[in-house]
Novice: 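Okay, handing you the structure first.
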Amino acid sequence: MKPVSLYNDIASTSYPGRGIVIGKSADGSKAVIAYFIMGRSENSRNRVFAETEDGIKTQAFDPSKLVDPSLIIYSPVRVLGNKTIVTNGDQTDTVYDLMNEGQTFEQSLTTREFEPDDPNYTPRISGIVECENGKMNYAMSILKSADGNPDCCERYTFTYDKPINGLGRFIHTYMSDGNPLPSFEGEPTLVEIGNDDIDTFAEKIWNSLNEDNKVSLFVRYIDIASNKAESRIINKNK
């Protein structure tokens, strides 16, 4: 697999849904994380990212317009020691709680499956980044229906124990727009990360997302040597 432009890949479809990017800066000094959400309905678009003590949460921009919070209000990012968990749903809390009890990332996700939003059965995508002793590793997961058949949950975990400088992986919920929405297929896409500062990187991702459907973006750079992090949030609703 040859690496592709992250920005071109994001821009290639009007509705990739929710997406996770994890990789390593070109100079090898930083772990790079990005998470974005999009929306087609008024309920999905009525959201913002807000900082929490150990990450971020989604919340209604206009609480009076919130219809059903079950699949749209959650904590996408939480930190457990030297591990940063990022997911597209409340499985963030599942991973956090069960890993805190000694289970692995993969084991914790065996307790969950795709979202119950017939007919889309939106995949649950998850990632985890660990920085320790001047090194980083990461993993990604997708829990999806069997080509739209909810009778079977297909579970895939991809681990990257020695990430290559300047490269990362991009996974998102949908291959494209549609009805029903087609689930992501295959291994997370190999993408170029580059060496931009955090603001430039965030701006490039934000500008690549479809203007009508984008809602919020979170970006975090973690200094691998010190484990110190800096983050940016961009919300369409202000």
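Sequence positions, counted from 1, serve as the residue numbers for this chain.
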Novice: Show your working on side chain to side chain contact (heavy atoms under 4.5 Å, CB included) between Asn43 and Leu66 and close with a plain yes or no.
Specialist: CA-CA 6 Å; Asn43 198 42; Leu66 182 62; 3.7 Å; yes
Novice: Scan side-chain atoms only and decide if Arg47 and Asn235 contain a donor-acceptor pair under the 3.5 Å cut-off.
Specialist: no
Novice: Quick one, Met175 with Thr13, criterion side chain to side chain contact (heavy atoms under 4.5 Å, CB included). Give me CA distance, side-chain angles, the key distance, then yes/no.
Specialist: CA-CA 8 Å; Met175 294 300 289; Thr13 175; over 6 Å; no
Novice: Specify the closest pair of heavy atoms between Val215 and Gly39, including all atoms of both residues, with the distance to one decimal.
Specialist: CG2-N, 3.6 Å
Novice: Donor-acceptor pairs under 3.5 Å, side chain of residues 150-157 to any protein atom, not counting sequence neighbours: which ones?
Specialist:
from	atom 1	to	atom 2	distance (Å)
Glu154	OE1	Tyr156	OH	3.2
Arg155	NH1	Leu109	O	2.9
Arg155	NH1	Arg112	O	2.7
Arg155	NH2	Arg112	O	2.8

Novice: Any Lys/Arg nitrogen of Arg18 or Glu115 sitting under 4.0 Å from an Asp/Glu carboxylate oxygen of the other?
Specialist: yes
Novice: Count the heavy atoms belonging to other residues, nucleotides or ligands that lie under 6.0 Å from CD1 of Ile164, then report whether that count exceeds 12.
Specialist: no
Novice: Does Glu230 come within less than 4.0 Å of Lys228, counting only side-chain N to carboxylate O?
Specialist: no
Novice: In Å, rounded to the nearest 0.5 Å, how long is the span from SG of Cys131 to NZ of Lys83?
Specialist: 11.0 Å
Novice: Within a strict 4.5 Å, meaning less than it, do heavy atoms of the Arg45 and Asn213 side chains meet?
Specialist: yes
Novice: For the residue pair Ser70 and Asp68, confirm or rule out a side-chain donor-acceptor distance under 3.5 Å.
Specialist: yes
Novice: Check whether any side-chain N or O of Thr173 sits under 3.5 Å from a backbone N or O of Pro16 as a donor-acceptor pair, and report yes or no.
Specialist: yes
Novice: If you round to the nearest 0.5 Å, how far is CG of Asn46 from CD of Gln59?
Specialist: 10.5 Å
Novice: Only one of Asn227, Asn137, Thr84 passes side-chain hydrogen bond (donor to acceptor under 3.5 Å, both in side chains) with Glu130; say which it is.
Specialist: Asn137
Novice: Could you walk me through whether Asn210 and Tyr15 pass the side chain to side chain contact (heavy atoms under 4.5 Å, CB included) check?
Specialist: CA-CA 7 Å; Asn210 180 269; Tyr15 201 67; over 6 Å; no
Novice: Enter the distance from Leu6:CG to Phe201:CZ here, rounded to the nearest 0.5 Å.
Specialist: 5.5 Å
Novice: Counting distance only, does the side-chain N/O of Lys65 pair as donor-acceptor with the main-chain N or O of Glu42 below 3.5 Å?
Specialist: no
Novice: Less than 4.5 Å apart, side chain to side chain, heavy atoms only: is that true for Ile222 and Met136?
Specialist: no
Novice: Test side-chain hydrogen bond (donor to acceptor under 3.5 Å, both in side chains) on Asn120 and Thr122 and set out the steps.
Specialist: CA-CA 5 Å; Asn120 297 314; Thr122 298; 5.1 Å; no
Novice: Considering non-hydrogen atoms only, spot the tightest contact between Leu143 and Ser141 and give its length.
Specialist: CD2-OG, 3.9 Å
Novice: State yes or no: do Tyr174 and Ile142 share one hydrophobic cluster built from I, L, V, M, F, W and Y residues joined by side-chain heavy-atom distances below 4.5 Å, directly or via other members?
Specialist: no
Novice: For the residue pair Val79 and Arg220, establish whether any side-chain heavy-atom pair is separated by less than 4.5 Å.
Specialist: yes
Novice: Do Leu80 and Val86 sit in the same hydrophobic cluster, where Ile, Leu, Val, Met, Phe, Trp and Tyr count as joined when their side-chain heavy atoms come under 4.5 Å apart?
Specialist: no
Novice: Step by step, work out the side chain to side chain contact (heavy atoms under 4.5 Å, CB included) result for Ile33 and Tyr138.
Specialist: CA-CA 10 Å; Ile33 301 169; Tyr138 68 95; over 6 Å; no
Novice: Give the minimum heavy-atom separation between Ser183 and Lys144, together with the two atoms involved.
Specialist: CB-CE, 4.1 Å
Novice: List the atom pairs, with distances to 0.1 Å, where a side-chain N or O of residues 20-31 and a protein N or O form a donor-acceptor pair under 3.5 Å, not counting sequence neighbours.
Specialist:
from	atom 1	to	atom 2	distance (Å)
Lys24	NZ	Asn165	OD1	3.3
Ser25	OG	Asp27	OD1	2.7
Ser25	OG	Ser29	N	3.3
Ser25	OG	Lys30	N	3.0
Asp27	OD1	Ser29	N	3.0
Asp27	OD1	Ser29	OG	2.8
Asp27	OD2	Ser29	OG	3.2

Novice: Give a yes or no on whether Trp206 and Val219 share a hydrophobic cluster (residues Ile, Leu, Val, Met, Phe, Trp, Tyr; joining criterion: side-chain heavy atoms under 4.5 Å apart).
Specialist: yes
Novice: Look up atom CD1 in Ile125 and atom CD1 in Ile171, then write down how far apart they are to the nearest 0.5 Å.
Specialist: 6.0 Å
Novice: Determine whether Leu209 and Met38 make a side-chain contact, defined as any pair of heavy atoms from C-beta on separated by less than 4.5 Å.
Specialist: yes
Novice: Would you give the length of the straight line joining atom CG of Asp90 to atom CD1 of Ile72, rounded to the nearest 0.5 angstrom?
Specialist: 12.5 Å
Novice: Between Asn207 and Glu203, is there a donor-acceptor pair closer than 3.5 Å when you use the side chain of the first and the backbone of the second?
Specialist: yes
Novice: Run the ring pair (Phe, Tyr, Trp, His ring centres under 6.0 Å) test against Tyr7 and tell me which residues pass, sequence neighbours left out.
Specialist: none
Novice: Answer with yes or no whether the hydrophobic clustering places Phe61 together with Ile56; edges join I, L, V, M, F, W, Y residues whose side-chain heavy atoms lie under 4.5 Å apart.
Specialist: no
Novice: Determine, using the 4.5 Å side-chain heavy-atom cutoff (strictly less than), whether Phe184 and Val4 are members of one ILVMFWY cluster.
Specialist: no
Novice: Does Lys214 pair with Glu211 as a salt bridge, N-O distance under 4.0 Å?
Specialist: yes
Novice: Give a yes or no on whether Gln107 atom CD has more than 12 heavy-atom contacts from other residues, nucleotides or ligands under 6.0 Å away.
Specialist: yes
Novice: Once you round to the nearest 0.5 Å, how far does CG of Leu190 lie from CG of Leu167?
Specialist: 5.0 Å
Novice: Out of the candidates Phe36, Phe49, Phe218, only one should pair with Pro76 under the side-chain contact (heavy atoms from CB on, under 4.5 Å) rule; please name it.
Specialist: Phe49
Novice: What pair of heavy atoms forms the shortest contact from Ser108 to Met99, and how long is it?
Specialist: OG-CG, 4.5 Å
Novice: If every non-hydrogen atom of Phe158 is compared with every non-hydrogen atom of Gly186, which pair is closest and at what distance?
Specialist: CZ-O, 3.9 Å
Novice: Would you mind reporting whether Pro180 and Tyr121 have side-chain heavy atoms less than 4.5 Å apart?
Specialist: no
Novice: Taking all non-hydrogen atoms of both residues into account, name the closest pair between Ile73 and Ala60 and its distance.
Specialist: CD1-N, 3.9 Å
Novice: Donor-acceptor pair, Asn88 side chain versus Arg124 backbone, under 3.5 Å?
Specialist: no
Novice: With distance as the sole test, does Thr92 use its side chain to make a donor-acceptor pair with the main-chain N or O of Ser75 at under 3.5 Å?
Specialist: yes
